[in-house]
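What follows is a short report on a single structure.
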Number of protein chains: 2
Amino acid sequence: MHIDYDLLITYGGIAKKISKGEIVFSENSIPRYYYQVIEGSIKIYSSNKQGKELIQDIYTKGQSFGEPPLLLNKNYLISAEAQEDSVIVVLKKENFLQILNEHNDTQQNLIKDLAERVYNNTVAAQILANPLPEEKIIKFLNQLIDKNIITKNTPIPYTRQQIANHIGLRVETVIRSLNKLQQEGKVKIINRKLHYL
Amino acid sequence: MHIDYDLLITYGGIAKKISKGEIVFSENSIPRYYYQVIEGSIKIYSSNKQGKELIQDIYTKGQSFGEPPLLLNKNYLISAEAQEDSVIVVLKKENFLQILNEHNDTQQNLIKDLAERVYNNTVAAQILANPLPEEKIIKFLNQLIDKNIITKNTPIPYTRQQIANHIGLRVETVIRSLNKLQQEGKVKIINRKLHYL
DNA sequence: CGCTCGTTTGAGAGGACTCAAGGTAGGTGG
DNA sequence: CCACCTACCTTGAGTCCTCTCAAACGAGCG
């Protein structure tokens, strides 16, 4: 989802700096705002009892996040945290709903965007349910390519830990699996930078 | 998502009988229709290389399914199969889009519905990523309660196999975990029927 | 009675996880 | 320019537990 910056401001949206590591909203809290990234990146995640973090999504420039609970009047199930110093626009819920009402194209954008998230979640579920670490990784990388986040033969901008948190594995397992994948010629590791072939 | 039956018919929707086990659409095929359940239940699932089935959703009376790929012009990533003898309405894509255009309330319903699916997927991801079988089961049961599919102290209408396919485990593991949960007093098994306490 | 489908139990193997210890690169400050 | 720090990566050894495979039991039904 993306709403024109000027429109957001017109309806009372406010740009806000968020430092790396700062929390935008957290699990169980009540949604009150619509959020859209102007600069930087926001990580959406949840943690289980053992403290293991599951990254559910990462939003960057131009993308909004956290609408579903806002629209459904339910509490957040996930937390949002800045992965780097970022800027976001914050818009009161009422004003967001007003934009939706008064601009029909916004509704259509929202539909497209939500449909895309459902679609992506389908893939994510298949990755998480897959019992083989190497297949998980390959599917994860394929997904990143589909989403235009990475391209083949260029360094992948994720740490081993981040990959692990995306697909539900431990760092060590990711490292060992990447080694196997390299032997199979599916990825290449050039001084620690991971490349997908 | 739910569209009024008469409206569907007005726009050219056709009711269709689907026998148990019959496929409505399958992975990799091209979406051409909007589907809505009239009677029975449709299972949405995908299978991995090892033939293990992952149930992603089950839709019943009044619910539609399969819109995201339809709206995004992408191929299905999942298959849809009747779990029992069912009746669905099939509506051509163009006509579905026309309904969306000409009935603003439909758009809003669609938004709500998609938001709900994203929300549910968030929970599903947490379940799939959880490494402990017993926690998976408990979270799964809690989700069924939230969705009003089951209530406490009544028999749960799922086979062990179905539960396993929902949460990414093997039947045997589900059975053994249920025994532990019974010992902990969290569920009760009355001649094979599972009850959540 | 004899299918068929779902449930259950046992034994064994494999592999992800855990824990612990080092290694390496890039940045910072003296 | 070098020493140091920190974050990330890597390796090893051992445990645990899910999965696999095989077999059998129970319930419902024609």
Side-chain angles (χ1 to χ4, degrees), chain A residues 20-21 43 47-55 81-85 127-140 155-184 187-195, chain B residues 20-21 43 47-55 81-85 127-140 155-184 187-195:
Chain A
K20 174 174 180 171
K43 172 178 75 177
S47 306
N48 68 11
K49 284 180 192 161
Q50 298 86 46
K52 202 167 105 185
E53 173 181 298
L54 173 67
I55 300 179
E81 176 186 325
Q83 275 202 321
E84 53 191 305
D85 289 353
I127 293 173
L128 290 173
N130 195 305
L132 303 177
E134 290 153 57
E135 285 191 18
K136 288 178 112 143
I137 294 176
I138 291 297
K139 286 191 179 192
F140 175 65
I156 291 166
Y158 286 95
T159 66
R160 312 289 193 256
Q161 184 66 61
Q162 286 174 320
I163 295 175
N165 290 351
H166 268 281
I167 63 186
L169 290 176
R170 308 258 77 160
V171 206
E172 297 93 331
T173 305
V174 170
I175 289 169
R176 291 189 248 258
S177 301
L178 285 177
N179 287 337
K180 286 189 203 163
L181 287 172
Q182 176 162 229
Q183 283 168 22
E184 295 169 16
V187 303
K188 193 179 263 179
I189 299 169
I190 302 167
N191 65 6
R192 300 185 160 199
K193 299 292 178 201
L194 178 61
H195 299 245
Chain B
K20 174 174 178 171
K43 172 178 75 178
S47 305
N48 68 11
K49 284 181 194 159
Q50 299 85 46
K52 202 167 106 183
E53 173 180 297
L54 173 66
I55 301 178
E81 175 187 327
Q83 273 204 322
E84 53 191 305
D85 289 353
I127 292 172
L128 290 172
N130 196 306
L132 303 177
E134 291 153 57
E135 285 190 19
K136 286 178 113 139
I137 294 176
I138 291 296
K139 285 191 179 190
F140 175 64
I156 291 166
Y158 286 95
T159 66
R160 312 291 194 253
Q161 184 66 62
Q162 286 173 321
I163 296 175
N165 290 352
H166 268 282
I167 63 185
L169 290 177
R170 308 259 75 160
V171 206
E172 299 93 329
T173 306
V174 169
I175 289 170
R176 292 189 248 259
S177 302
L178 285 176
N179 288 338
K180 285 189 204 165
L181 287 172
Q182 176 163 229
Q183 283 168 21
E184 295 169 17
V187 304
K188 193 179 264 180
I189 300 170
I190 302 167
N191 66 4
R192 300 186 159 199
K193 298 292 178 201
L194 179 60
H195 299 245

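The sequence lines fix the lettering, A, B, ..., with proteins before strands; numbering per chain opens at 1.
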What pairs with [X] under side chain to side chain contact (heavy atoms under 4.5 Å, CB included), at least two apart in sequence or on another chain?
X      : result
B/Q50  : A/P131, A/L132, A/E135, B/N48
B/Q162 : B/Q83, B/Y158, B/T159
A/K188 : A/Q182, A/I190, A/H195, A/L197

Integer-rounded Å distance: [N] [atom2] and [X] [atom1]:
X      : N      : atom1 : atom2 : result
A/Y158 : D/dC8  : OH    : P     : 15 Å
B/Q50  : D/dC19 : CD    : P     : 12 Å
A/N165 : D/dA7  : CG    : P     : 16 Å
A/I189 : D/dT11 : CD1   : C1'   : 14 Å
A/R170 : D/dC17 : CZ    : C1'   : 16 Å
B/L128 : D/dT18 : CG    : C1'   : 16 Å

Side-chain donor-acceptor pairs under 3.5 Å in residues 167-178 of chain B, sequence neighbours left out?
residue	atom	partner	partner atom	Å
B/S177	OG	B/T173	O	2.7

Side-chain heavy atoms of B/N179 within contact of B/I189, under 4.5 Å: yes

Which part of the nucleic acid does A/P133 contact within heavy-atom distance under 4.0 Å: base, sugar-phosphate only, or nothing? sugar-phosphate

Run the side chain to side chain contact (heavy atoms under 4.5 Å, CB included) test on B/L54 and B/L128 for me, step by step, so that the C-alpha distance in whole Å, both residues' side-chain angles and the decisive distance to 0.1 Å come before the verdict. CA-CA 10 Å; B/L54 173 66; B/L128 290 172; 4.2 Å; yes

Five-pair end axes of the helix from C/dC1-D/dG30 to C/dG30-D/dC1, angle between them (10°): 30°

If the condition is salt bridge (Lys or Arg N to Asp or Glu O under 4.0 Å), which residues does [X] pass it with, not counting sequence neighbours?
X      : answer
B/E53  : B/K43
A/K139 : none
A/K180 : A/E134

Qualifying residues under side chain to side chain donor-acceptor pair (under 3.5 Å), relative to B/Q183, sequence neighbours excluded: none

Please list, pair by pair, any protein nitrogen or oxygen found under 3.5 Å from a nitrogen or oxygen in nucleotides 21-27 of chain D.
residue	atom	partner	partner atom	Å
D/dC21	N4	B/E172	OE2	3.0
D/dG26	O4'	B/R192	NH2	3.1

Going 5' to 3' along DNA chain C, which are the first and last nucleotides with any atom under 4.0 Å from a heavy atom of chain A? C/dA16 to C/dT24

Reading DNA chain C from 5' onward, which residue's closest nucleotide shows up sooner: A/L132 or B/Q161? B/Q161

Backbone N or O of B/K20 within a donor-acceptor pair of the B/D85 side chain at under 3.5 Å? yes

